[in-house]
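In what follows, a structure is listed as structure tokens, so that the remarks can point back to it.
Hydrogens, waters and symmetry mates are skipped; everything else that's a heavy atom, side chains included, is used.
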Amino acid sequence: MSSVLEIAEKILRKYSLCDNCLGRFFARLGRGLTNDIRGRSIKTVILMDLFTKYSASERSKLLNDLREFAVRGGEPFKTTLEKLSGEKVAEDKCFVCGSKIKNFFEEYSERSLRILERENLKRFLIGVSVPREIIEREEEIAREFRIDSWESIKNELKREIGKRIRDRGYIPDFEDPDIIINIDIGTGAIVTSYPSALYLLRVAKLEKGYRLKRARDSLENILSDKLRIYEPSYIRLHLLARDSRNYAIREPGIYTILEIHSPKRGKPSVEELKNLLKDLYPFRVDVISRVSKRDIYELSQKLTKVIYEIKIFPKGSVEIGKLEKILLENKNTLYITQMTPTRLLERVGERIRRGQVVIRDYRVENDLLRIIIQIDKYLFPEEFITGDNGRTDPSLSSVLEVDLEVKDVSIIDMT
């Protein structure tokens, strides 16, 4: 304790500090204390220690020290000096915060509360920006006196403003806030932002001729209309498999991420979202859970295959025995090299993709060949069937040595 007193006394003989700013230099010492209580306690012990230093005959030395600490430390030195000598002194402003920190607590908590009340939001997170000169003054003292038990004024501002808001019935949420309140102490500005909400969906498309996104009649546009009540900046679907107007997507559907970007009216619960997203024919949407950006990454790494059922019209006779032999030799797996499909070349440019295709089932039904394949999600299933004039090699067409025409494509699942 004596080392704390020695350091604190040296600080106050050189710098004027309020209770909070003094206490903050010793913030890591002890638990359950606020910095203002910590700072006032240190000043009180310094005051008591002064009375042990001087005898009754050294009253003038005691008063000189009291006067010095009263100017730089305020209470309890000012009141003690006045009681002993009748002398009143003016306290200097705090070297670090300009004696404004308590005003900051009250002003910015009240302004933040008005925002939360106006927006009708409960879950919040506080961010604080502090002028560089304040931070430098604080760092100067910590460096000069070699103090490693301090915390920054920025941390204290965030904590104390947040506590006052919490005590009025609002919920601090570091993981999933409805609103982030960013306070700039230097300019006095408060800027709000609304973190996106992410949901894991399973989406089925019961008819061909529609798209999940990037089209006027897409599911993404339907969702934008349904979810406008939350006042988002935008709605976006993040697909984990290819989509095309030519594909149906069978139930239970493929995994998809729904992003409600910056919703100003809060984030819907999973149950709310389920109720809102009923009856969206030809789409069927199942809301599974809220997810994080990390969850999205992990899901995208895990779900790397898409299972398709494809109906094919052969332009010649199909020798199933030949296919069976090749699949037996290759354990039902073909490793293919695929150049950008001709139909997309002008739009997306040339690229070479390599991956594997597992043929899981096949049969001839009437004049059609029905085949179920599991394929790497970045590969194009139609071109695996047709060969695209040799741009996919090998292809089912080259294996069977017959031209093939894709009649129907359905996504069955992802794995």
query: Is the shortest distance from a Lys or Arg side-chain nitrogen in Asp65 or Arg13 to a carboxylate oxygen in the other one below 4.0 Å?
result: yes
Note: Arg363-Asp361 ion pair, threshold 4.0 Å (strictly below): yes
Min side-chain heavy-atom separation Lys407-Ile312 under 4.5 Å: no
message: Taking Phe105's backbone N and O only, do any of them form a donor-acceptor pair with Ser109's side chain (distance below 3.5 Å, no angle check)?
response: yes
message: Using only atom types and a distance under 3.5 Å, with no angle test, would you say the side chain of Asn332 pairs donor to acceptor with the backbone of Ile359?
response: yes
- prompt: CG of Asp167: more than 12 outside heavy atoms within 6.0 angstrom?
  reply: yes
message: Check Asp178 with Lys267, please: is the shortest side-chain N to carboxylate O separation under 4.0 Å?
response: no
- prompt: Can Arg164 and Glu160 be counted as an ion pair, charged N to O under 4.0 angstrom?
  reply: yes
query: Are the charged groups of Arg111 and Glu117 less than 4.0 angstrom apart, N to O?
result: no
- prompt: Any salt bridge between Asp173 and Arg123, counting N to O under 4.0 Å?
  reply: yes
task: Give a yes or no on whether Glu133 atom CD has more than 12 heavy-atom contacts from other residues, nucleotides or ligands under 6.0 Å away.
output: yes
message: Taking Asp408 first and then Lys208, would you say they form a salt bridge - that is, a charged N and a carboxylate O separated by under 4.0 Å?
response: yes
- prompt: Is it true that Asp279 and Arg284 make a salt bridge, defined as a side-chain N closer than 4.0 Å to a carboxylate O?
  reply: no
Heavy-atom side-chain proximity of Val402 to Glu319 below 4.5 angstrom: no
query: So, the side chain of Tyr15 versus the backbone of Val96: is there a donor-acceptor pair under 3.5 Å, distance only?
result: no
- request: Taking atom NZ of Lys322 as the centre, report whether more than 12 heavy atoms of other residues, nucleotides or ligands fall under 6.0 Å from it.
  value: yes
message: Other residues, nucleotides and ligands only: do more than 12 of their heavy atoms fall within 6.0 Å of NZ on Lys302?
response: no
query: From Ile183 CD1 over to Ser112 OG, what is the distance, rounded to the nearest 0.5 angstrom?
result: 4.0 Å
Note: Glu156-Arg24 ion pair, threshold 4.0 Å (strictly below): yes
statement: In this structure, CE of Met414 is separated from CG of Leu240 (nearest 0.5 Å) by 5.0 Å
query: Has the side chain of Ser397 got a donor or acceptor atom that lies under 3.5 Å from a matching backbone atom of Ser395?
result: no
task: Look only at the side chain of Asn155 and the backbone of Glu151, and say whether a donor-acceptor pair between them is shorter than 3.5 Å.
output: no
- prompt: So which heavy atom on Leu5 is nearest to which on Ile42, and how close?
  reply: CD2-O, 4.1 Å
task: Work out which heavy atom in Leu404 is nearest to a heavy atom in Thr386; give both atom names and the distance.
output: O-CG2, 3.5 Å
field: Over 12 non-hydrogen atoms of neighbours within 6.0 angstrom of CG in Asn120
entry: no
message: Just checking Lys213: does its NZ atom have more than 12 heavy atoms from other residues, nucleotides or ligands closer to it than 6.0 angstrom?
response: yes
- request: Just say parallel, tilted or perpendicular for the rings of Tyr234 and His261, cut-offs at 30° and 60°.
  value: parallel
- request: Using the side chain to side chain contact (heavy atoms under 4.5 Å, CB included) rule, take Lys122 and Leu116 through it: C-alpha gap first, then chi angles, then the decisive distance, then the call.
  value: CA-CA 7 Å; Lys122 277 289 185 182; Leu116 289 165; over 6 Å; no
task: Measure across Phe384 and Gln338 and return the closest heavy-atom pair with its distance rounded to 0.1 Å.
output: N-NE2, 3.8 Å
task: Please determine if Arg370 forms a cation-pi arrangement with Tyr362, meaning its NZ or CZ atom is less than 6.0 Å from the six-membered ring centre and no more than 45° off the ring axis.
output: no
task: Taking all non-hydrogen atoms of both residues into account, name the closest pair between Gly162 and Ile126 and its distance.
output: CA-CG1, 4.4 Å
- prompt: So, Arg265 and Glu119, do they make that salt bridge, N to O below 4.0 Å?
  reply: yes
query: Are Glu350 and Arg391 within salt-bridge range, i.e. N to O under 4.0 Å?
result: yes
field: Pair Tyr247 + Tyr308: ring centers closer than 6.0 Å
entry: yes
message: Any non-hydrogen side-chain atom of Val270 less than 4.5 Å from a side-chain atom of Arg290?
response: yes
field: Donor-acceptor under 3.5 Å (Thr340 side chain, Arg351 main chain)
entry: yes
message: Using 0.5 Å steps for rounding, measure from the CG atom of Leu157 to the CZ atom of Phe104.
response: 7.0 Å
query: So does Glu251 pair up with Lys205, basic N to acidic O under 4.0 Å?
result: no
query: Of the non-hydrogen atoms in Ile179 and Tyr194, which two are nearest, and what is the gap between them?
result: CD1-CE2, 3.7 Å
task: Using a 4.5 Å cut-off on heavy atoms from C-beta on, say whether the side chain of Asp217 contacts that of Arg245.
output: yes
task: For the pair Glu110 and Arg168, find out whether any cationic side-chain nitrogen is under 4.0 Å from an anionic carboxylate oxygen.
output: yes
message: Walk me through whether Ile190 and Ile181 qualify under side chain to side chain contact (heavy atoms under 4.5 Å, CB included).
response: CA-CA 7 Å; Ile190 296 181; Ile181 301 172; 3.5 Å; yes
message: Let's go through Glu91 and Arg72 carefully: what are the C-alpha distance in whole Å and the side-chain angles of both, what is the deciding distance for salt bridge (charged side-chain N to carboxylate O under 4.0 Å, His left out) to 0.1 Å, and is it a yes or a no?
response: CA-CA 6 Å; Glu91 179 184 348; Arg72 295 203 178 97; over 6 Å; no
Lys311 with Glu365: basic N within carboxylate O range, under 4.0 Å: no
task: Determine, for Arg137 against Glu139, whether the closest basic-nitrogen to carboxylate-oxygen distance falls under 4.0 angstrom.
output: no
query: Where the side chain of Thr80 meets the backbone of Pro76, is there a donor-acceptor pair that is under 3.5 Å apart?
result: yes
message: Go through it in stages, so that I can follow the logic: the residues are Ile373 and Ile307, the test is side chain to side chain contact (heavy atoms under 4.5 Å, CB included), and I'd like the CA-CA distance, side-chain angles, deciding distance and then a yes or no.
response: CA-CA 6 Å; Ile373 63 171; Ile307 301 171; over 6 Å; no
Donor-acceptor under 3.5 Å (Lys377 side chain, Leu303 main chain): yes
task: Locate the shortest heavy-atom distance separating Gly355 from Asp376; write the atom from each residue and the value.
output: CA-OD2, 3.1 Å
field: Within-4.5 Å side-chain heavy-atom neighbours: Glu324 and Leu327
entry: no
